[in-house]
A.B. asks: 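Okay, here's the structure, questions in a sec.
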Amino acid sequence: MDKEITAREAADILSELADLMEIKGDNRYRIRAYQNAARSLSSVSEELKVLVTEDRLMEIKGIGEGLSATIKEIFSTGTAGQLEELKRELPAGLLDMIEIPGVGPKRAHQLYYQLEISGVEDLKKALQEKKVQGLEGFGPKLAQNLREAVARYESFQERMKINEADRLAEKIAEHLEKKSELYHKYKSAGSLRRRKELVKDIDILMVPADPESDGLEKHLRELEGLHKVESGGSSKITLVLENGVKVDFRLVVGDEFPAAFIYFTGSKEHNVKLRQLAKQKGYFLNEYGLFSREDEERLELNQNNNLPEKARGGSASNSDQEKYAESAIYHFFGLDYIEPELREDRGEIEAARKGELPELIDFSNIRGDFHLHTRYSDGAFGIEEMAVAARELGYEYLAITDHSKSLRIASGLSEEQLKEQLEEIRKLQDKISGIKILSGIEVDILPEGGLDFSDEILEQLDLVIASIHSGFNQSRDKITGRLIEACHNPEVDIIGHPRGRLLGRRDAYQVDMSEVIEAAAETGTCLEINASPSRLDLDDLLARQAASRGVRLAISTDAHHTGELIDMKFGVDVARRAWLEKENVLNALPLEELLEFLA
DNA sequence: GCCGTTTTCGGCCCGACTGTTTTCAGTCG
């Protein structure tokens, strides 16, 4: 189990290679081929090792002879000769530099070769010393914009967590509602609508009441927390907030809305695929509609006829009206309606063509929560309060899973305290109706392997989650081994937050998730999608990989407070992005079937 | 570099906006 390159890591290396090729000024279609290959590779569910040894890389779309060889090289050596060569030629700092809005590959190239600027720090200095202005194509305004962009980059490198983005979008919505006469409707789009775990900027699509009026822009200038209006045209307004977040407004007229909604929801890669399809059929697709290439006439799509079956089904996340609007366009291409969470060019277009899209799980399918804490360990409420709050969400069951004794920092339970808790649950169950309280534990996987409680203790409980809370710096082999061993313990039902990451604060520990997924599949152990917006662990890609190997996922909140039980919706977002159906999810089971499973 | 319900060679998505320019390149989504 030596450090082995996964498909995702190989994909990252190809992306880096593509970025450097772009700065170097390589052929743009060659660069695109590398980017396409990286994207396909990042979402394959098979192990890279298998694909390499069986020589099947070329079965992946976008990977031909050349890239197959490069990927094999990456697999066996950990890098590519081309990449090493480019790294010798171009300093690594240039990769950071193209992260700055306004600096792309061309300008990075120019800055490096003409002023020897090889990173963000150099750029900042050169801007201060006004050296940049002299370059061809660099005027005083661009220099000023770059100065501001560098300052923002330094203060705000992180993306927002999805709950933060939701809050911000709500704040903007409140501001808009104050002057509802300015627009007919608006919808948030972009990665927020696709429910990505981290969001860079807020995208809002709007049909203004009067496209000629500057009333909207004026109103937006009064938004609380606004830093400045970065750009404003007749169809786009971009705001920058004090916290560095950009808010893009896209303005369209009513009948442009469906095409604009697809365009502005993205992803970019998904849009590119759709436009390729349009082109093949003799049309072109842009944000204003679908047009014939011959006469450039806009195609009027009847939005209510001949919808594919799945588009008629209800969904909590999209109103039928919007769905119909977008559906007409998808249907024109012979595709079923594609939910926003799937629009990442990870095979959804091919599946939609074959009518093989998943029937995505929905919050209404969730019947309980398995992972929550009470005052027995580090939670803020008692068992009864958590149970009542869970019942209010319409759940059939919840499991009480406090920490085990080794986790002193979270006042983990001793064997005696666990027994007391069991007793309280029994008594409470007689008193409270309408929800089943399962007894459980989040038992620590100890640094040297093994669990914090004996099997004799664990077998008295309804449900056991095993999690790692210590030894994060151990080797990849060691941590992978601890998790695999936990899977093989018959008392363990679920592996909690399998990668141990805290978004923006702590990286995942080193672990070979492919091996853990295989162990989970073999032993019938579930893997958690931890719904806390700070974790969202497993992520969409790994959850999808796990489900494709037959592993059931448990979506749980890890709530320490009654108010956190609703975080479940963020976990469902991940599950939807992972293509999960309710059959893939443990807590979509009715109580009876769940108890059978646990037994 | 990849790919083919037109193609094994000649294509490879589309548009807005800014700042720099006198017609467009660069960047972004």
Side-chain angles (χ1 to χ4, degrees), chain A residues 14 17-18 21-23 25-40 57-71 80 82 97-111 132-146 148-149 189-194 199-205 229-238 246-252 256 259-260 262-291 293 296 334 343 345 353:
Chain A
L14 289 180
L17 192 44
M21 284 159 67
E22 221 178 346
I23 297 170
D26 214 323
N27 177 291
R28 64 197 183 107
Y29 298 112
R30 185 161 176 262
I31 294 164
R32 188 179 302 170
Y34 277 72
Q35 290 166 336
N36 287 339
R39 200 174 46 256
S40 311
L57 282 165
M58 282 169 71
E59 290 172 14
I60 299 168
K61 208 164 157 48
I63 296 178
E65 224 166 305
L67 274 158
S68 170
T70 306
I71 294 165
Q82 281 183 74
M97 225 157 72
I98 57 173
E99 294 296 313
I100 291 172
V103 182
K106 292 274 157 49
R107 287 177 187 155
H109 182 272
Q110 206 180 348
L111 289 165
V132 171
Q133 262 123 296
L135 291 183
E136 198 187 333
F138 285 74
K141 283 207 168 148
L142 182 57
Q144 181 55 27
N145 286 345
L146 291 178
E148 290 178 24
S191 55
L192 188 60
R193 182 169 180 237
R194 300 200 311 279
V199 172
K200 198 172 83 183
D201 36 47
I202 308 275
D203 299 312
I204 297 174
L205 178 64
V229 178
E230 188 179 70
S231 73
S234 56
S235 64
K236 260 179 89 167
I237 300 174
T238 302
K246 276 191 186 180
V247 184
D248 285 329
F249 283 84
R250 187 81 192 203
L251 313 174
V252 298
E256 292 165 352
I262 288 180
Y263 155 77
F264 213 30
T265 296
S267 65
K268 186 172 181 267
E269 292 76 15
H270 177 87
N271 290 346
V272 167
K273 272 279 168 71
L274 287 181
R275 288 168 179 178
Q276 285 169 347
L277 280 181
K279 193 164 186 179
Q280 281 166 23
K281 293 192 82 164
Y283 293 83
F284 63 90
L285 177 67
N286 58 27
E287 54 265 55
Y288 304 111
L290 193 55
F291 300 86
R293 296 192 96 82
E296 301 195 356
R343 300 183 197 171
D345 189 25
R353 187 182 295 126

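Keep in mind that what you see is a predicted model, and the values were worked out from it rather than measured. Each chain gets a letter, A, B and so on, in the order the sequences are listed, and its residues count up from 1.
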A.B. asks: Please list, chain by chain and in numerical order, all residues satisfying salt bridge (Lys or Arg N to Asp or Glu O under 4.0 Å) with A:Arg107, sequence neighbours excluded.
C.D. replies: none
A.B. asks: For A:Ile100, which contact category applies under a 4.0 Å heavy-atom criterion: base, sugar-phosphate, or nothing?
C.D. replies: sugar-phosphate
A.B. asks: By the 4.0 Å heavy-atom rule, please label A:Ile31 as base, sugar-phosphate, or nothing.
C.D. replies: nothing
A.B. asks: Does any non-hydrogen side-chain atom of A:Lys268 lie less than 4.5 Å from one of A:Tyr263?
C.D. replies: no
A.B. asks: By the 4.0 Å heavy-atom rule, please label A:Arg250 as base, sugar-phosphate, or nothing.
C.D. replies: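 It contacts sugar-phosphate atoms only.
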A.B. asks: Should we count NZ of A:Lys281 as having more than 12 external heavy atoms under 6.0 Å?
C.D. replies: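 Enclosed: over 12 neighbouring heavy atoms sit under 6.0 Å from NZ of A:Lys281.
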A.B. asks: Provide the full list of salt bridge (Lys or Arg N to Asp or Glu O under 4.0 Å) pairs with a residue in residues 26-40 of chain A, sequence neighbours left out, each pair given once.
C.D. replies: A:Asp26-A:Arg30, A:Arg39-A:Asp345
A.B. asks: I need the residues from residues 273-281 of chain A with at least one non-hydrogen atom less than 4.0 Å from DNA chain B; give them sorted by number, or say none.
C.D. replies: A:Arg275, A:Gln276, A:Lys279
A.B. asks: Sequence neighbours excluded, which residues qualify as salt bridge (Lys or Arg N to Asp or Glu O under 4.0 Å) partners of A:Glu65?
C.D. replies: none
A.B. asks: So, A:Gln276 versus A:Gln280: side-chain donor-acceptor pair below 3.5 Å or not?
C.D. replies: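 No, A:Gln280 and A:Gln276 have no side-chain donor paired with an acceptor closer than 3.5 Å.
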A.B. asks: Using a heavy-atom cut-off of under 4.0 Å over every strand shown, decide if A:Asn271 touches base, sugar-phosphate, or nothing.
C.D. replies: nothing
A.B. asks: Look at all strands and tell whether A:Tyr263 reaches a base, only sugar-phosphate, or nothing, counting heavy atoms closer than 4.0 Å.
C.D. replies: base
A.B. asks: Do A:Gln133 and A:Phe138 come within less than 4.5 Å of each other through their side chains, counting heavy atoms only?
C.D. replies: no
A.B. asks: Check every nucleotide of DNA chain B for an atom under 4.0 Å from a heavy-atom of chain A, then give the first and the last such nucleotide from 5' to 3'.
C.D. replies: B:dG1 to B:dG29
A.B. asks: Taking salt bridge (Lys or Arg N to Asp or Glu O under 4.0 Å) as the test, write out the residues that go with A:Glu22, two or more places apart.
C.D. replies: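 With neighbours one apart ignored, the set is empty.
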A.B. asks: Mind checking A:Asp203 for me? I need base, sugar-phosphate or nothing, with any heavy atom below 4.0 Å counting as a touch.
C.D. replies: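 Counting heavy atoms under 4.0 Å across all strands, no contact is made by A:Asp203.
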A.B. asks: At 4.0 Å (heavy atoms only), tell me whether A:Lys268 reaches a base, stays on the sugar-phosphate, or touches nothing.
C.D. replies: base
A.B. asks: When we call it a touch if two heavy atoms are under 4.0 Å apart, what does A:Glu65 touch: a base, just sugar-phosphate, or nothing?
C.D. replies: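 Sugar-phosphate, backbone atoms only, no base.
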A.B. asks: Base, sugar-phosphate or nothing for A:Arg194? Non-hydrogen atoms, less than 4.0 Å.
C.D. replies: nothing
A.B. asks: Suppose you measure atom C1' in B:dT20 against the same atom in B:dA25; what distance do you get, rounded to whole Å?
C.D. replies: 9 Å
